[in-house]
Structure formats: C-alpha cells, structure tokens
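This chain uses plain numbering: 1 for the first residue, then up along the sequence.
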Amino acid sequence: MTTRVIIVDDQAMVRAGFAALLAAQSDIDVVGEAPDGAQGVELSRRTHPDVVLMDVRMPEMDGLEAARRLLEPAPGVTHRPRVLMLTTFDVDDYVYEALRAGASGFLLKDAPPADLIAAVRVVASGDALLAPSVTRRLIADFARQRPAARGKPALRLKALTERETEVLTLVARGRSNAEIAQTLLLAEQTVKTHVSRILTKLDLRDRAQAVVLAYESGLVAPGE
C-alpha cells in the first residue's frame, strides 16, 4: 500500500530535497507541496494525504495553527491526515502544543535521510514517533513548566483499569510495547490491546497524546 504525503515548508530547497528523497521510495507517493500553513491546509483538503510533513515556523500561517485545522477540522470535513512536525530546534513550545493538538510526533530537519523515511512509515502505520529521546525530553521539559492539572486530565484517567494505568505509565516513560510486555510479564499482543483500549477510553489519537495527558494529569512526573 502506498503512503500519500504532502510537504509543507517555506523553504523551497527543503521541500525539493524531502520530495526527491521520499518519491524515490516505492511505497511513498509525494502528492503535493506548499510554502505555508494556509496553503498546506488547502492542499491537504484537495489531495487527502495520509501524512503531512509540517514545518513548525512559517509565514502567513505557522505549522501549529495549520496542524490544528487539519487535526480538528470544521464540521463536514471528514479527512484527518497524520501530521509529522518538522523543526530545526530540539526543544520548541510549538511542537509541544502540536502534540497536544494531535500531531503524531516531530522530526529535526537535519535528521539523516533514513530517519525521515522511517518516520513517514511509522506515522503512516498509526504509531506515534516517540522513539527519539529528544521527543520525551521535550514533553518532560514543558510538563515541568506547567504544574500537573488535577482537574479534567486527572479525572479522565479514572476510566482506566489498574492494568491500563500501569501500561499508560510505562508508555509515558517512553517504553515500547515489547519493553512494557517484559516489565509487566505480558504478551506483546496483550500490551497492544491495552494501549488500544486506553486510546479509545481517553479519546486520544495515538501514543503522543497519551504521553502528554499522562504528564499533564500528574500520573507521571518529569525526571522519573
């Protein structure tokens, strides 16, 4: 199955470079490019990509606002692509807010080509790009600056069983399904089932949003 991708970045050379790299992959089809967030949203509405590579900082409309419009569309708009944020900074408050809005992760623009290709495939498969330690540090840094919310975020966790809470805790600490299975002495498929139920119960798109909620609710504290 081919993954349809659009690239939204205000630097023409970045767009061209990423497009050439991705288009060379047999399982990836670059269906469009846009120089700013507003045009990126319009392009996504027309082309219905699976993944949007979205630069964080752009003129006219930045990547954060564009991501919000794609991930929380107006009534009547049914298409919601997965959004992978691109940034030149390893700590950026725009990225944190994008993760809260539902972006599936982020990637540094100077990452090796193989990492970009792998990132698109990971996000297209429905997973969040949380493997790089920089992503976990980013979330922890901003969670540390924001006191844990004891209201609605914490109340939402009451819907989880004790086992699901354990799994969410380990997800928030950056553990993979295999690592969680080993820690809790469960089959990896059982862990996948728990993660799926957690996302459904908490109305979350993916692991990225689950990690943010775990920090904001106080379930996991930065530095643990």
Atom of A19, atom of E33 and distance for their closest heavy-atom approach: CB-OE2, 3.5 Å
Residues, nucleotides or ligands: over 12 heavy atoms within 6.0 Å of Q11 CD: yes
Donor-acceptor contact below 3.5 Å, side chain E164 vs main chain T161: yes
Side-chain donor or acceptor of Q25 paired with backbone N/O of L21 under 3.5 Å: yes
V195 versus N177, closest heavy-atom pair with distance: CG2-OD1, 3.9 Å
Option among L160, L168, L213 that satisfies the side chain to side chain contact (heavy atoms under 4.5 Å, CB included) test with L219: L168
Atom of L71, atom of G102 and distance for their closest heavy-atom approach: CD1-C, 3.3 Å
Taking every non-hydrogen atom, the tightest pair across M85 and A67: SD-CB, 4.2 Å
Short N-O contact, R163 and E166, less than 4.0 angstrom: yes
Atom of P49, atom of P81 and distance for their closest heavy-atom approach: O-CB, 3.5 Å
Value rounded to 0.5 Å, distance of CD1 in I117 from OG1 in T3: 12.0 Å
Electrostatic pair K109-D55, nearest N-O below 4.0 angstrom: yes
Which atom of R156 lies closest to which atom of L204, heavy atoms considered: NH2-CD2, 3.5 Å
Atom pair CD (E216) and CG (L157), whose distance is rounded to the nearest 0.5 Å: 11.0 Å
